[in-house]
Amino acid sequence: MTPTSTTPTGTTPTGTTPTGTTPTSTTPPEVAPEQRVDIALTPYVNLFVGTKISDTGSGHSGNVNPGAQAPFGMVSFGPDTRGSGQPWGYGSGGYYYDDTSIRYFSMTHLNGPGCRGQGAVAILPNNASGGIPSGGLRYTKANQSAAPGYYKVKFDNGITSELTATTRTGMAKISYADKDKAYLVIDSARNNPNQGSSQSPGGVPYPELTDIVLSADRKSVSGKAVANEFCGGTWKQPVYYYATFDKPLKVSSAIAGKAAILQFDLADADLAVQVKVGISSVSVANAQKNLEAENADGSFATVQAAAGKNWNSRLNVVQLDLAKEGELDKLDAKKKDAALANLKKFYTALYRVYSGPTVYSDVNGDYRSMKQVDIAQPNSVLPDRAIENVASYKFKVDGKDAGYKTHYSGFSMWDTYRSQAQLLALIAPDEASEMMQSLVADAQQCGAFPHWVDGSEDTVPMNGDHAPTVVAGSYLFGAKKFDLANARKYMLQSVGDANSRCNNIYAIGKAGDSRADYLRLGWIPSDRNYDHPSSTTLEAITTDRSVGAFLDALPDTRAADQGVIAKVFNRAGNWQNIFNDTSKSLASKAADGTWDGAGDFHESTEENYIWTFAHDWTRLADKLGGKDGALKRLGRLFVLDDKNPFTGREPTGQDLNGGERSSRYYIGNEPAFQTPWAYNWLGSAKYAQYIIPVILKKNFSLEPGGLPGNDDMGATSGWFVWAAMGLYPAIPSAPGLAVSTPQFSGMTLWLGNGKKLRIEADQQALLDDVRYISEMKFNGTAYAGSWLPVDKIKDGGTLTYKLSPTPTDWASDAALTPPSGPAADYTKATASLASPG
């Protein structure tokens, strides 16, 4: 059945909250310039996609959680299962599809991480007294379901649990099978342990760090749970909580160790209990304030409906024509099924884009500081921290006094700088601006931009200094309302101060103090015991390019920074220092300049990493032997038929998801994201148009193994959304998009300023397998190049395409090659286009 609109014509839902609640900054704004008529899109979201190891290889799971969360929500209230039981294994997000029991529900999860973490405040109903059973409770998949803002499971013991969430609170409706066996456990001393923990999954190695209290009036349970240090991080962090119930407790309810063993006093006619939980990084009192502000008196049905409405509004930022009422019914049965699957893949991906960064400040603006006073603190794994408040941070925006209202955490920046950050800046610039301000505030607290922010902790799962690229890309794609003066300060520090650190972590992170060698030599030497020096060098040049682009875009200080801008743009070509002209490949180089064997790359291979610096693809192609040499390298990577690349054997999903040690393309990890669009810089855009739909069809599905790798806070899902729209931020700090074929015949992208970008094609590319562009127009004027500056579409407009079933020479003229070079002007379309439009 085709979903129908639930929104009155001419109105826009704004993520309204239940009665007695306070709207948060995650509520999308009204669309003022043009009225948006929303359609029902939440039925197209499948929350179980990505909950299992990839069906096409890579060896990784999507690691997503199907629990209830508001857009960018602090709370992700969902199930925790055992997973592989390994630190880097399946179920790092807390849930793994193949498990047949749920250990408990918890209030905090990360979307698609590569490391285990969070899973704090464990809650489980049961029909027997005692703590949480060691094996959890069994269930069958037929008795489990989920939708945006909602999760439901019926356990084999007959108890049904339904979960929903506001931004800072979770709510459960528990329907018991027997009034005399209505038990609930809340356990402070369980979580989703990281790789540094020796305990069995679910235990906290320091239970003395946790607290739990049953109130004297027996109407609430509160306490402090602990989230373990994430992915090799330094410190654990607290998660305070305050839980209330709508049914009385029996006198047998009590605290046992670090768990509350509760029994409800129910009547035969009413076996349902509503549980509300607020959380905070600061205190139990703030957790209670969050609960009272966001869910003081809402029923479960009211909160669930509000969450669904909020999600539906967010998804309507991209409206696919196929999703409109009656459109699917115009297709024959076979095409209808395929079109429905395409819709579900798209909106499931768009849903995950909003999974992070996550709100971290409380309703009163408080949040736990990132500043660690005593770096050593050998006897403290959970150090005390000061309380920050968003009101303390004031700055200027366009000369006017400004501040921010919401502090964010959950920044997986090595991943999101390649796809998701730019998308959020384009469609949610207000929230994206506050996210960037959060990073600036973090830097002010800990001394430098952080690397991977989990709660109030910085950690370094990947080498490199990635926040500058996230900040630059976000700014250039439309998120501009943050403290630019302090952002500039820390940008300059990132590329100029070898001792730059966030607390105890160097700028380049796991590579230690290799920044000094990079600044001195122009590469990270392979003979100094640094971690993955080759890929870390490439990350450093990306940071250089990003800082240069950001500084060059600041009108008030651009002139003063010209020397630094020129220096870092020049350093953005430092990949040449580790390019061996003899082997025509990236290689290891010692500090004395001698070659030292094959390159050393983190989580992928030279064959994939060589395409990571899109800002210099033209010069790279020259190094590879010109266009022909570059085409051969890409052809081997994508396993294309040498003689018949467009009509020969089509690559399989396994061909395109080779894994960390493969010489084939590896869509399951971020370094490969931009690579298909490299063909645009070779005057061979038809190859990109050929391979992108193959990846979309074969590496993404609606099965639990339907993501090619970790989702990494929406990075992989963001790739899918961009690729389906036929646009991609190939150079993450350049204000422009590489063009490929839009995969749907009609879509409307609502920009964050309320303007709309209409994208139309004369055929359904993904559905009908019509891949190639024969003509592109913008607002009715021919547009011949395959590079689209963001400035061109900032006020909306219409892109129209004529498609061809066979390859064309569109955008193949050498004069139409997209801009290239670290200092190139990416704000303008190619000069020889048919018309500036």
Side-chain angles (χ1 to χ4, degrees), residues 56 335 338 342 607-608 610-611 614 617-618 620-621 624-658 662-667 672-700 708 719-720 722-728 730 738-745 761-776 783-787 801-814 816-818:
T56 58
K335 281 194 173 183
N342 290 339
E607 288 85 353
N608 280 279
I610 199 170
W611 301 102
W617 271 340
T618 297
L620 173 63
L624 294 175
K627 177 177 179 177
D628 289 344
L631 285 175
K632 287 178 181 179
R633 282 290 301 258
L634 287 168
R636 290 196 299 270
L637 186 71
F638 291 115
V639 197
L640 300 183
D641 187 304
D642 285 338
K643 296 181 179 178
N644 302 294
F646 303 108
T647 59
R649 173 189 175 275
E650 189 172 85
T652 67
Q654 287 72 22
D655 288 334
L656 300 170
N657 200 19
S662 174
S663 61
R664 296 171 293 161
Y665 184 64
Y666 180 20
I667 182 57
F673 278 8
Q674 68 290 322
T675 306
W677 287 272
Y679 285 114
N680 289 19
W681 275 255
L682 302 177
S684 300
K686 57 190 174 186
Y687 286 89
Q689 296 158 29
Y690 169 80
I691 199 64
I692 290 169
V694 178
I695 300 169
L696 290 170
K697 287 181 180 180
K698 296 187 177 181
N699 293 105
F700 294 83
W719 185 94
F720 186 97
W722 279 119
M725 291 194 299
L727 302 167
Y728 197 78
V739 177
S740 53
T741 307
Q743 300 299 311
F744 295 88
S745 63
D762 60 350
Q763 297 180 72
Q764 292 277 1
L766 194 61
L767 184 63
D768 297 328
D769 195 21
V770 181
R771 308 184 189 186
Y772 305 100
I773 298 172
S774 61
E775 181 183 78
M776 173 183 173
Y783 195 98
S786 59
W787 176 258
Y801 298 81
K802 287 185 179 179
L803 304 184
S804 166
T806 57
T808 73
D809 289 328
W810 177 81
S812 62
D813 191 305
L816 297 175
T817 301

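Just the heavy atoms: all of them, side chains too, but no hydrogens, waters or symmetry mates, feed the values below.
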field: Geometric class of the Tyr728/Trp719 ring pair [parallel <30°, tilted 30-60°, perpendicular >60°]
entry: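 Taking Tyr728 first and then Trp719, their aromatic rings sit tilted (interplane angle of 30° to 60°).
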
field: Closest non-hydrogen atom pair, Asp655 against Pro651
entry: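 Taking Asp655 first and Pro651 second, the nearest heavy atoms are OD2-CA, 3.5 Å.
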
Under a 4.5 Å cut-off applied to non-hydrogen side-chain atoms, are [X] and [Y] in contact?
{"X": "Leu634", "Y": "Tyr679", "value": "yes"}
{"X": "Val739", "Y": "Trp810", "value": "yes"}
{"X": "Thr741", "Y": "Pro693", "value": "no"}
{"X": "Leu803", "Y": "Tyr772", "value": "no"}
{"X": "Trp681", "Y": "Leu620", "value": "no"}
{"X": "Thr618", "Y": "Thr817", "value": "yes"}

task: For Lys632 and Asp642, run salt bridge (charged side-chain N to carboxylate O under 4.0 Å, His left out): C-alpha distance rounded to whole Å, both residues' side-chain angles, the deciding distance at 0.1 Å, then the answer.
output: CA-CA 8 Å; Lys632 287 178 181 179; Asp642 285 338; over 6 Å; no

field: Results of side-chain hydrogen bond (donor to acceptor under 3.5 Å, both in side chains) for Gln763 - residues two or more places apart only
entry: none

field: For Thr675, all residues meeting side-chain hydrogen bond (donor to acceptor under 3.5 Å, both in side chains), sequence neighbours excluded
entry: none

Would the distance check show the side chain of [X] and the main-chain N or O of [Y] forming a donor-acceptor pair, the cut-off being under 3.5 Å?
{"X": "Arg771", "Y": "Tyr690", "result": "yes"}
{"X": "Ser684", "Y": "Lys686", "result": "no"}
{"X": "Asn699", "Y": "Gly653", "result": "yes"}

query: Hey, is Arg633 close enough to Glu607 for a salt bridge, meaning N to O under 4.0 Å?
result: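 No.
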
SB check Lys643 Asp641 (cutoff 4.0 Å): no

field: Check: Tyr687 ring centroid to Phe646 ring centroid under 6.0 Å
entry: yes

- prompt: Can you tell me if NZ on Lys697 sees more than 12 non-hydrogen neighbours from other groups inside 6.0 Å?
  reply: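 Counting neighbours around NZ of Lys697, more than 12 heavy atoms of other residues, nucleotides or ligands fall under 6.0 Å, so yes.
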
task: Please name all residues satisfying salt bridge (Lys or Arg N to Asp or Glu O under 4.0 Å) with Asp768, sequence neighbours left out, ordered by chain then number.
output: Lys335

